[in-house]
Amino acid sequence: MNNFKTTLNISFFSSLIFTFATNTSADFANRKYIGATLGETSYPQFCSSANPRIKSQIPHGSTDGRFHCNSSGSTIKFYGGLRWNRYLALEISYLKPSAAQSSFYTNNENGEYAKAAYQVETHLLTAFLLGFYPVNSNINMFARVGAGAWRGKLSEQQSAQFYLPQQLSNGQFTAQLQTFDKDKSQNHKGPHWGVGVGMNYVYRNHWIWRLEWEKLEPTGVDFNAETLSLGLGRLF
């Protein structure tokens, strides 16, 4: 995350200096545009909601193991829209974040272990209305609000290996190592809404550097997604 922020800062100031050096003016009336961004998506509530689910999957109530939760990762977004004028635009975007995952693992010197994992993968298609505030002829700040559809896959994995008593033919008992595996996945879909803010830097009336933050709230799950990204677009 620190390396990504450093890259954002370098790209941000480099593009700003480059824009000022060109001294060009952008015309936005009735212009289409497309672009792509790269960044990082985090799920602020994911770990707090996933860990209780993981605990409920642990065989034999084992709780003395190691929890790990990864609630952020890289993301890519593609977008396109129509800029009606300097102040308004309609935009469609497709966002694909990395999967978020929570896991638990415990073992002992006898070879017994228990592990469980919970993972979420999402795709989000969103229509946004953007409102712009022109700082000057090349620099625009914007805010956005929109809604769309999301599709996701929720996966749960459970695996364990324990010694269990087994009765022999002579009536005596012995311990045998048994392995258990259980996988379950569900596909989910539904509506979502989103908001965001950002800045555009226009170069030579065609190229757009974009820095933005957005928050997306899928329905049917108890977590949201927040994305910080930097990208390049083109006006037509």
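A quick note: this is a predicted structure, and the numbers were derived from the prediction, not measured. Keep in mind that the numbers below use all heavy atoms, side chains included, and drop hydrogens, waters and symmetry copies.
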Exercise: identify the closest heavy-atom pair between [X] and [Y]:
{"X": "Pro44", "Y": "Asn224", "value": "CD-OD1, 3.3 Å"}
{"X": "Ala100", "Y": "Ser71", "value": "CB-CA, 4.3 Å"}
{"X": "Thr37", "Y": "Ser229", "value": "OG1-OG, 3.4 Å"}
{"X": "Trp84", "Y": "Ala89", "value": "CE3-N, 4.2 Å"}
{"X": "Tyr79", "Y": "Gly233", "value": "OH-CA, 3.7 Å"}

So Leu95 and Thr126, side chain to side chain contact (heavy atoms under 4.5 Å, CB included) or not? Walk me through it. CA-CA 8 Å; Leu95 181 70; Thr126 315; over 6 Å; no

When Arg31 is tested against each of Leu82, Asn205, Asn85 for side-chain contact (heavy atoms from CB on, under 4.5 Å), which residue passes?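 Passing option: Asn205.
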
Can you list everything that forms a salt bridge (Lys or Arg N to Asp or Glu O under 4.0 Å) with Arg83? Sequence neighbours excluded, please.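 So Arg83 forms no salt bridge (Lys or Arg N to Asp or Glu O under 4.0 Å) with any residue.
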
Are [Y] and [X] connected into the same hydrophobic cluster when the rule is that any two of I, L, V, M, F, W, Y join if their side-chain heavy atoms are below 4.5 Å apart?
{"X": "Phe78", "Y": "Leu38", "answer": "yes"}
{"X": "Met141", "Y": "Ile139", "answer": "yes"}
{"X": "Val197", "Y": "Leu228", "answer": "yes"}
{"X": "Trp193", "Y": "Ile92", "answer": "no"}
{"X": "Leu125", "Y": "Ile76", "answer": "yes"}

Once rounded to the nearest 0.5 Å, what's the spacing between atom [atom1] of [X] and atom [atom2] of [Y]?
{"X": "Gln119", "Y": "Lys153", "atom1": "CD", "atom2": "NZ", "value": "8.5 Å"}
{"X": "Lys115", "Y": "Gln157", "atom1": "NZ", "atom2": "CD", "value": "9.5 Å"}
{"X": "Tyr105", "Y": "Phe67", "atom1": "OH", "atom2": "CZ", "value": "14.5 Å"}
{"X": "Leu130", "Y": "Leu88", "atom1": "CG", "atom2": "CG", "value": "9.0 Å"}
{"X": "Ser159", "Y": "Lys182", "atom1": "OG", "atom2": "NZ", "value": "12.5 Å"}
{"X": "Asn187", "Y": "Glu121", "atom1": "CG", "atom2": "CD", "value": "9.5 Å"}

Side chain proximity check, [X] to [Y], heavy atoms < 4.5 angstrom:
{"X": "Gln186", "Y": "His188", "value": "yes"}
{"X": "Tyr33", "Y": "Glu91", "value": "yes"}
{"X": "Val135", "Y": "Tyr133", "value": "yes"}

What's the verdict on side chain to side chain contact (heavy atoms under 4.5 Å, CB included) for Val195 and Phe128, showing C-alpha distance, side-chain angles and the deciding distance? CA-CA 8 Å; Val195 295; Phe128 284 107; over 6 Å; no

So, does [X] use its side chain to make a donor-acceptor pair with the main chain of [Y] at under 3.5 Å?
{"X": "Asn138", "Y": "Val202", "value": "yes"}
{"X": "Thr106", "Y": "Ala114", "value": "no"}
{"X": "Thr219", "Y": "Pro191", "value": "yes"}
{"X": "Glu112", "Y": "Tyr163", "value": "yes"}
{"X": "Glu226", "Y": "Trp213", "value": "no"}

Run the side chain to side chain contact (heavy atoms under 4.5 Å, CB included) test on Arg86 and Phe132 for me, step by step, so that the C-alpha distance in whole Å, both residues' side-chain angles and the decisive distance to 0.1 Å come before the verdict. CA-CA 7 Å; Arg86 295 190 68 189; Phe132 292 88; over 6 Å; no

How are the rings of Tyr118 and Phe46 set to each other: parallel, tilted or perpendicular (split at 30° and 60°)? parallel

For a quick check under 3.5 Å, do [X] and [Y] share a side-chain donor-acceptor pair by atom type?
{"X": "Gln166", "Y": "Thr174", "answer": "no"}
{"X": "Thr41", "Y": "Thr227", "answer": "yes"}
{"X": "Asn70", "Y": "Gln101", "answer": "no"}

Should the heavy atoms of other residues, nucleotides or ligands under 6.0 Å from NZ of Lys96 be counted, would the total exceed 12? yes

Would you find more than 12 non-hydrogen atoms of other residues, nucleotides or ligands less than 6.0 Å from Arg151 atom CZ? no

Determine which pairs satisfy disulfide bond (SG atoms under 2.5 Å apart) with at least one residue from residues 66-130, sequence neighbours left out, and list them in order.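 Counting only pairs at least two positions apart or across chains, the disulfide bond (SG atoms under 2.5 Å apart) contacts touching residues 66-130 are Cys47-Cys69.
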
Go through Thr122 and Tyr43 one step at a time and tell me if the side chain to side chain contact (heavy atoms under 4.5 Å, CB included) criterion holds. CA-CA 11 Å; Thr122 56; Tyr43 301 88; 3.2 Å; yes

